[in-house]
Amino acid sequence: MVLLSKFSTIVGWNSAIRESVNQSRPHKALLLFFQMKQNGLEPNNFTFPFLAKACAKLSNLKFSQIIHTNVLKSPFRSDVFVQTAMLDMYVKCDRLADAYILFERIPMRDVACWNVMLMGFAQLGFLDKVLRLFHEMRFARILPDTITVMGLTQASLETKNLALVKAIHAFGIQIGIDGDVSMANTWISAYSKCDDLSSAMAVFNGIEIGARTVVSWNSMIAGYSNLGKFLDALNFYKWMLCDGYRPDISTIVSLLSSCIQPDKLLQGVLTHCHGIQMGCDSDIFVVNALISMYSRCGDILSSRFLFDGMSNRTCVSWTAMISGYADKGDLNEALRLFHAMEAAGEKPDLVTVLSLASGCGQTGALELGKWIHNYAFSNGLRDSIVVCNALIDMYAKCGNINSARELFYALPVRTVVSWTTMIAGFALNGNYEEALDLFCLMVDLDLKPNHLTFLAILQACTHAGLLEKGMEFFDMMKKVYKINPGVDHYSCMADLLGRKGRLEEATELVKSMPMKPDARIWGALLSACKIHRNVEIGEYACRRLFELEPQGAVPFVEMANIYASERRWDEVAALRTAMKFKKVKKIPGQSLLHVNGKPHVFTVEDRGHPEGLLIYAMLDSLALQLKEEQYSPRSENFVK
DNA sequence: ATAGGGTTAG
């Protein structure tokens, strides 16, 4: 009886449709709309925006077009509310161009229309387009509101432009919208995405305590999580709980993403437990985050357990699982899942291809890499600069520098990442001259090298032994480009100086570093001392290295080699005893090769390979040939 | 009618 009266008027239908949309059941809303039409009732200006929202949530173009046709046939086709809803619907279905055409045809555009377009462009990262729209909007004397400023903030985020975020923040204060919580939340996340957590904190503290929302807390937690600061994130979470706020899915996902480091498995498991206790462990976002957390922390079996237990996997779930296997070096399983994904009707996207390509680079799987290349290009990813960069990197890491070069020169547009990848690729493959030439060309073209570009060129100089060039670039980086060198840059320079026998300068450089030198730097210095037989500095580096890694065998072995080269046998013997006493073991170096898609692992003096006899016979004959060519391989290892 | 935090990669 109640039902009958409810559905006898348009108002009844509208409220039912509104309810469905608000409960995140867009399909039900659309179904109600079709039933309503069958009952002979026509939608009005209140119905259409709800239907548009349903289509937007589904991101379904077909349904959107049906709704749009109904609008055009209705008397509400020039209602500005309805038109705005149509714009938003097309934007959410990734049809920005269609939306823009509609937008230009609206005679009386109010602030909401402009905001929809602005947001659409902002979320795709078209900063210049957003700024132009904003200027046009001001020219049309439309007053910007909180949503406009949120759009501007989002657009400047894509380029991590902190100065622009600050300018927009100032503008927001100027027009008096800084008291709005949603606005403050946007600024919190904007600042934290630009790595300026003190500004984010200042905005957070500026919100009245009673006015804070779960989103305010989540934004702060996400800010710390993205920088890998688990403890700070967890403290914020604790305060949030103390203040009586209930965490939601985003809170748990953010906390999980701060555990994505090999040594944070325990934190990850505890967060998982807490998520279960809070009842948010079955949400697809949380499960996806868990899969990637477990696999990145090295516990791929837990990832797989969760993955296998999922009832509906999205592209993200598959990709998280695939990249877990690819990073681990298990390309067979990664590929098997990739095919299973296609068979399950889920379309691999750009990220899936990127994960596989980087997996191929890491393991040197050239044949599979070629296949990925072909797959990417025949699936519309030819124009993706990110994919091309990943492929260049993959070819370079697999040692196929010609294919890498070919791809690079064929690119229609190149980003700094493309240049950097290519320079690093040349450096890795011993094409030092090409690396230097490319770097100079880049500078000539007025492109700005970044800290990674400089790292690549310094590595090229180090491996080629070009001391003057290296120093020149190191200076250029600091003085011309105002980039502060990181640990890796110092490491390169110390290595370069050390190889050239300038051990005192190398030591001075390491001591002058503004950050704590890591084990690799002391290791590089130590092996330089080995080449140049410097006991004094060697002992110093050895001690520093021992402080950092008490269980490592490398300092013992290297130092023993230095003593041995000076024929100081007593010290060699003492070191050997110390090694036995400390129970340090040297893990033998390994070499990995892919032959016909199969990995082959070799260690020193390893005769275990099925074709070992043949391989070593081949090596012996190579050694003979080298001798005939008057090349004598050097071996400085007196101690094995 | 328009909006804020969260998953995969770099």
Side-chain angles (χ1 to χ4, degrees), chain A residues 45-46 48-53 56 76 79-89 91-92 106 109-120 122-123 144-151 153-154 180-190 192-193 213-223 225-226 247-258 260 280 283-293 295-296 313-324 326-327 348-359 384-387 389-390 393 415-417 420-421 452:
Chain A
N45 53 339
F46 291 101
F48 285 124
F50 292 125
L51 295 171
K53 201 162 202 169
F76 307 102
D79 180 304
V80 73
F81 278 33
V82 174
Q83 283 178 319
T84 307
M86 290 299 106
L87 286 184
D88 187 53
M89 182 179 76
V91 168
K92 297 280 160 57
I106 301 175
R109 287 177 292 204
D110 65 1
V111 65
C113 296
W114 287 91
N115 285 346
V116 171
M117 290 319 297
L118 206 103
M119 268 294 170
Q123 277 165 358
D145 62 2
T146 49
I147 295 165
T148 321
V149 181
M150 279 182 202
T153 313
Q154 280 222 347
D180 186 284
V181 200
S182 307
M183 196 62 250
N185 293 344
T186 306
W187 283 330
I188 291 173
S189 75
S192 55
K193 275 179 187 155
T213 63
V214 180
V215 178
S216 320
W217 287 98
N218 285 352
S219 304
M220 282 310 296
I221 292 171
S225 291
N226 291 334
D248 65 4
I249 288 154
S250 301
T251 324
I252 301 295
V253 171
S254 293
L255 278 175
L256 281 174
S257 69
S258 67
I260 298 187
C280 21
D283 177 88
I284 190 135
F285 263 60
V286 175
V287 180
N288 289 346
L290 282 167
I291 290 173
S292 76
M293 182 275 290
S295 72
R296 299 268 280 277
R313 309 179 180 102
T314 64
C315 174
V316 175
S317 328
W318 286 98
T319 306
M321 202 62 239
I322 289 170
S323 79
D327 284 343
D349 70 351
L350 180 141
V351 184
T352 324
V353 170
L354 286 177
S355 321
L356 280 170
S358 99
S384 162
I385 186 81
V386 188
V387 167
N389 292 343
D393 189 51
T415 62
V416 181
V417 181
T420 305
T421 309
L452 290 172

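First the proteins, then the strands, lettered A, B, ... as listed; each starts at 1. Computed from heavy atoms alone, side chains included, the values below leave out hydrogens, waters and symmetry copies.
Met150(A) comes within 4.0 angstrom of a base, heavy atoms only. Using a 4.0 Å heavy-atom criterion, one finds that Val351(A) contacts the bases of the nucleic acid, with or without backbone contacts as well. Across all strands, Asp283(A) comes closer than 4.0 Å to base atoms (heavy-atom distances). Backbone-only contact: Ser358(A) has heavy atoms under 4.0 Å from sugar-phosphate atoms and none from a base. Residue-level contact check: Gln83(A) touches neither bases nor backbone, having no heavy atom under 4.0 Å from any strand. If you check every strand for non-hydrogen atoms under 4.0 Å, Arg313(A) touches nothing. Contacts of Asn389(A) with the nucleic acid, taken as non-hydrogen atoms under 4.0 Å apart, are absent. Among the heavy atoms of the strands, none lies under 4.0 Å from Ile385(A).
Looking at residues two or more places apart in sequence or on another chain, you find a side chain to side chain donor-acceptor pair (under 3.5 Å) between Asp145(A) and Asn115(A), Thr148(A). Asp248(A) pairs by the side chain to side chain donor-acceptor pair (under 3.5 Å) definition with Asn218(A), Thr251(A), not counting sequence neighbours. The side chain to side chain donor-acceptor pair (under 3.5 Å) test applied to Asp110(A) returns no partner, not counting sequence neighbours. Legend: residues meeting side chain to side chain donor-acceptor pair (under 3.5 Å) with Asp88(A), ordered by chain and number and at least two apart, are Lys92(A). In this view, Lys193(A) satisfies the salt bridge (charged side-chain N to carboxylate O under 4.0 Å, His left out) rule with no residue, not counting sequence neighbours.
Residues Asn185(A) and Ser182(A) bring no donor and acceptor atom of their side chains to less than 3.5 Å of each other.
Extent of DNA chain B lying under 4.0 Å from chain A heavy atoms, first and last nucleotide in 5' to 3' order, is dA1(B) to dG10(B).
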